[in-house]
Amino acid sequence: MRKTGLLNTAIIKEISAIGHTQYLIIGDAGLPIPKDTLLIDLALKSGVPSFLETAEAVLDEMVVEHCYLADEIKEKNKKFTPKKYRADE
């Protein structure tokens with residue numbers, strides 16, 4: 001049993017299976033998801049867990065080749081620095 005880091009087994013499984021050039025997308029409740037896409041819903045209530053809490057927890061568990069962020073995230077969350085998670089930084 002894991003004591004630290006991610007505890008959600010579905011997310012751990014997907015991170016373990018992801019390879020080069022594959023994507024993992026973290027979005028909020030408004031993100032449209034195609035029907036044939038795996039969805040792991042973490043929502044407990046509106047804003048919990050927050051996008052940033054989720055992103056940081058997931059990024060702590062994996063090597064990231066590149067990170068794309070919406071402009072709103074970059075503008076409103078200056079403390080979030082995904083560069084520290086990238087393999088080439």
Side-chain angles (χ1 to χ4, degrees):
M1 180 174 157
R2 294 174 60 106
K3 289 175 56 176
T4 61
L6 282 177
L7 300 177
N8 184 295
T9 56
I11 297 174
I12 293 167
K13 178 182 172 190
E14 294 307 314
I15 289 172
S16 297
I18 202 165
H20 292 287
T21 73
Q22 292 182 311
Y23 293 89
L24 178 106
I25 297 172
I26 300 170
D28 62 11
L31 185 68
I33 308 292
K35 291 186 187 305
D36 62 341
T37 302
L38 173 66
L39 169 67
I40 302 171
D41 189 349
L42 302 177
L44 299 175
K45 63 180 186 174
S46 182
V48 178
S50 73
F51 172 83
L52 292 178
E53 289 172 321
T54 304
E56 288 180 343
V58 169
L59 290 171
D60 280 342
E61 296 285 329
M62 60 189 298
V63 174
V64 176
E65 293 175 354
H66 191 78
C67 180
Y68 299 95
L69 294 172
D71 290 336
E72 296 85 359
I73 292 292
K74 292 184 244 180
E75 293 166 7
K76 296 180 181 179
N77 298 281
K78 302 288 186 194
K79 292 181 181 178
F80 181 63
T81 56
K83 288 183 180 181
K84 75 177 182 178
Y85 298 103
R86 290 190 36 202
D88 61 351
E89 292 292 319

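All values below were derived from every heavy atom in this structure, side-chain atoms included, with hydrogens, water molecules and symmetry-related copies excluded. Remember, predicted model here, so these are calculated numbers, not experimental data.
- Heavy-atom minimum distance, His66 versus Val64: O-CG1, 3.3 Å.
- Cluster partners of Leu44 are Val48, counting Ile, Leu, Val, Met, Phe, Trp and Tyr whose side-chain heavy atoms approach within less than 4.5 Å, directly or via other members.
- Connection of Ile15 to Leu7 is not established within any shared hydrophobic cluster, with ILVMFWY side chains joined at heavy-atom distances below 4.5 Å, either directly or through further cluster members.
- Residues meeting the salt bridge (Lys or Arg N to Asp or Glu O under 4.0 Å) test with Asp41, sequence neighbours left out: none.
- Here the closest heavy-atom approach between residue Ala55 and residue Ile26 is recorded as CA-CD1, 3.7 Å.
- Shown here are the side chain to side chain contact (heavy atoms under 4.5 Å, CB included) partners of Tyr23, two or more places apart in sequence or in another chain: Tyr68.
- In this view, Ala10 and Asn8, Ile40 satisfy the side chain to side chain contact (heavy atoms under 4.5 Å, CB included) rule, not counting sequence neighbours.
- One distance of note links CG of Leu24 with CD of Glu61; it measures 12.0 Å at 0.5 Å rounding.
- Other cluster members for Ile33: Ile25, Leu31, Leu39, joined by side-chain heavy-atom distances under 4.5 Å among Ile, Leu, Val, Met, Phe, Trp and Tyr.
- Listed by chain and residue number, Pro34 satisfy the side chain to side chain contact (heavy atoms under 4.5 Å, CB included) test with Asp36 (two or more places apart in sequence, or in another chain).
- Evaluation of the side chain to side chain contact (heavy atoms under 4.5 Å, CB included) rule for Ile12 yields Arg2, Leu6, Ser16 as partners, not counting sequence neighbours.
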